[in-house]
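Take a look at the structure set out below.
Along the sequence shown, the residues carry numbers beginning at 1. In each ligand, atom 1 is the first atom listed, and ligand 1 is the first ligand listed.
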Amino acid sequence: MTTGAPTRAANATNALALNRKRASARAGTRQRQRVAAAAVATPTMLRTKKDMRKWAAEQHARGARVILVPTMGGLHAGHLSLIDHAASVCANEGDAIVVSVYVNPAQFAPHEDFDTYPRNLDDDVRLIAETKATEHLAVFAPQDMYADEEEDDDNVQPSARLAAEREADSAMPSTLKTHVVPCGSLAAGLCAESRPHFFGGVCTVVLKLFNVTSADVAVFGEKDFQQLCIVRAMVRHLDVPVRVESAPLVRDDDLLALSSRNRGLSEDARLAASSSLPVSMLSVSAAAEADRALTLPADAPPPPPTWEVASCLEARIAKACSEAGGEADYVTAVDRETLQPIGSVKGCSADIELPDGWTRALPEGARMCAAVVYGGVRLLDNVAL
Ligand SMILES: Nc1ncnc2c1ncn2[C@@H]1O[C@H](COP(=O)(O)OP(=O)(O)OP(=O)(O)O)[C@@H](O)[C@H]1O
Ligand SMILES: CC(C)(CO)[C@@H](O)C(=O)[O-]
Ligand code: BAL
């Protein structure tokens, strides 16, 4: 950045400090809730769709709502913040929370990390139990997610059933003939470009989870911003009777967005990632916030065109990441509702000279989204602009 750099740097530092303060306040809230609910029992384990449906029916029969927190396991404080959000923001007294733990084969391409994705159900259940989020807490870790119940009736030999479950749990099952594939611009760019199969797999399993859990409310994290937008759209377009709630992105102490895949980073890759991706993202976010508050003299030059500002910010983040050894899959400023890019298709130089207050050219509701690969691990981040 060229002009006003000290102010922007100070703002970036403040934003980082604020982020840490918020994280610690959230941890404090969680701690208080744990103390308040210290007598709560361990969660109910549900391993089949049938058991899940029975538990949900029992909750509804006593007048409670079912709040679903879908995850793929490998739980960390980002996931726990969703459970906190479910308990402290979404739930009324007596409502039930079910956390699903399922590594969904349908959202992985054959060359992706399905086999090595972190799986440790015992640890996950322990962490969920420690939240003591509510008295009515369950873990749904299905062994028969893609089993076809029409075919899978009581006459099926146990060995055949086991084989079907293994298939369903280890690869995209050949029996799955119906998929939910989101179309349109929300599912056209960002992650969909390098993972074209991804959102079809996500929507298929999320709709199945909504149906099997009979969820009234479901909580998703803003860390997976495009996923959240696509799930919201699916619910609207297919009239799914579930209220979708979102919880803010949670960062680790080194500011990296918490993610199950972070545990695949080597020490060097972790340092490279944390020193470039979140720092550059939070800096541009802080710069945009500071510029909006800036009072410019009447004779100040007009800001450059929107596309140029957005492209320049993208280029600066991509440059910071690549200098640290990251490989940007995308760094794209989008409208937060439509996910339409607001930069230029061609992009621009990271070093372009721009006047004071220049990020004011950005439209309301712009969001910077990025996916960057460090040491073979693909990390997501996004910030408001
Ligand atoms: N750091 C985070 N802050 C807020 N929500 C998060 C965070 N990490 C994950 N979530 C949310 O948790 C839910 C389950 O995500 P998932 O189990 O895929 O975890 P993940 O850490 O995102 O894993 P991955 O490494 O595969 O991206 C999603 O709604 C996701 O947005
Ligand atoms: C929503 C989800 C649990 C579906 O498998 C997954 O995509 C995730 O963990 O974000
Ligand atoms: N949270 C994203 C899950 C995935 O990458 O498959």
Side-chain angles (χ1 to χ4, degrees), residues 19 22-23 26 67-86 98-109 112-121 124 127-128 139-142 145-146 169 172 180 182 190-192 194-195 197-210 212-213 215 218-232 234-235 242 244-265 273-274 277-278 281 329 369 371-374 376-383:
N19 201 288
R22 283 188 186 140
R26 276 193 299 270
I67 303 173
L68 168 68
V69 179
T71 83
M72 299 211 306
L75 299 192
H76 49 66
H79 296 113
L80 302 184
S81 79
L82 303 187
I83 303 175
D84 275 356
H85 191 86
V98 56
V99 182
S100 64
V101 175
Y102 180 64
V103 185
N104 170 36
Q107 67 194 68
F108 290 80
E112 291 180 344
D113 55 349
F114 176 76
D115 289 335
T116 54
Y117 196 85
R119 287 173 178 83
N120 193 330
L121 187 57
D124 290 341
L127 287 170
I128 294 165
V139 177
F140 178 42
M145 195 61 186
Y146 287 103
D169 199 36
M172 191 54 204
V180 183
L190 307 178
C191 286
S194 61
R195 305 187 75 191
H197 60 285
F198 178 63
F199 291 114
V202 168
C203 286
T204 301
V205 84
V206 167
L207 188 59
K208 281 169 75 66
L209 285 167
F210 286 175
V212 175
T213 62
V219 185
F220 291 81
E222 287 179 4
K223 199 265 285 171
D224 298 81
F225 196 77
Q226 189 178 15
Q227 169 173 281
L228 172 64
C229 295
I230 288 174
V231 168
R232 281 194 201 285
M234 175 182 77
V235 161
V242 175
V244 175
E245 293 287 343
S246 65
L249 185 158
V250 179
R251 297 180 183 279
D252 215 333
D253 286 344
D254 62 2
L255 299 177
L256 207 58
L258 282 161
S259 172
S260 312
R261 289 189 172 97
N262 288 356
R263 50 192 84 169
L265 290 166
S274 60
L277 177 58
M281 294 285 280
D329 181 358
C369 296
V372 183
V373 181
Y374 293 86
V377 181
R378 186 170 174 277
L379 304 178
L380 298 186
D381 203 328
N382 68 85
V383 291

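Considering backbone and side-chain atoms together, L258 places an N or O closer than 3.5 Å to an N or O of ligand 1. Remark: ligand 2 and Q107 share an N or O pair separated by less than 3.5 Å (distance only, no angle test). Ligand 1 has no N or O atom lying under 3.5 Å from any N or O atom of S81, backbone or side chain. Considering backbone and side-chain atoms alike, Q107 places an N or O below 3.5 Å from some N or O of ligand 3. Residue R195 has at least one nitrogen or oxygen atom sitting less than 3.5 Å from a nitrogen or oxygen atom of ligand 3, judged on distance alone. Between Q227 and ligand 2, a contact under 3.5 Å exists for at least one N or O pair. The shortest N or O to N or O distance between S259 and ligand 1 is under 3.5 Å. Of the polar atoms of G221, at least one N or O is found under 3.5 Å from an N or O of ligand 1, judged by distance alone. Looking at A247 next to ligand 1, no N or O pair under 3.5 Å apart turns up. Residue D224 has at least one N or O atom closer than 3.5 Å to an N or O atom of ligand 1.
The atoms of ligand 1 that sit less than 4.0 Å from any heavy atom of Y117 are 18 (O), 23 (O), 24 (P), 25 (O), 26 (O). Proximity to S260 (heavy-atom distance under 4.0 Å) selects the following atoms of ligand 1: 19 (O), 20 (P), 21 (O), 23 (O), 25 (O).
The proximity of V231 to ligand 2, defined as any non-hydrogen pair under 4.0 Å, does not occur for either the backbone or the side chain.
For atom 6 (C) of ligand 1, the nearest non-hydrogen atom from the set R263, M72, K223 comes from K223. Residue H79 holds the heavy atom nearest to atom 15 (O) of ligand 1 of all those in H76, H79, Q107, R378. For atom 2 (C) of ligand 3, the nearest non-hydrogen atom from the set N104, D224, V202 comes from D224.
For Y117, the heavy-atom gap to ligand 3 stays at 4.0 angstrom or more.
By the 4.0 Å N-to-carboxylate-O rule, R378 lies too far from D113 to be salt-bridged with it.
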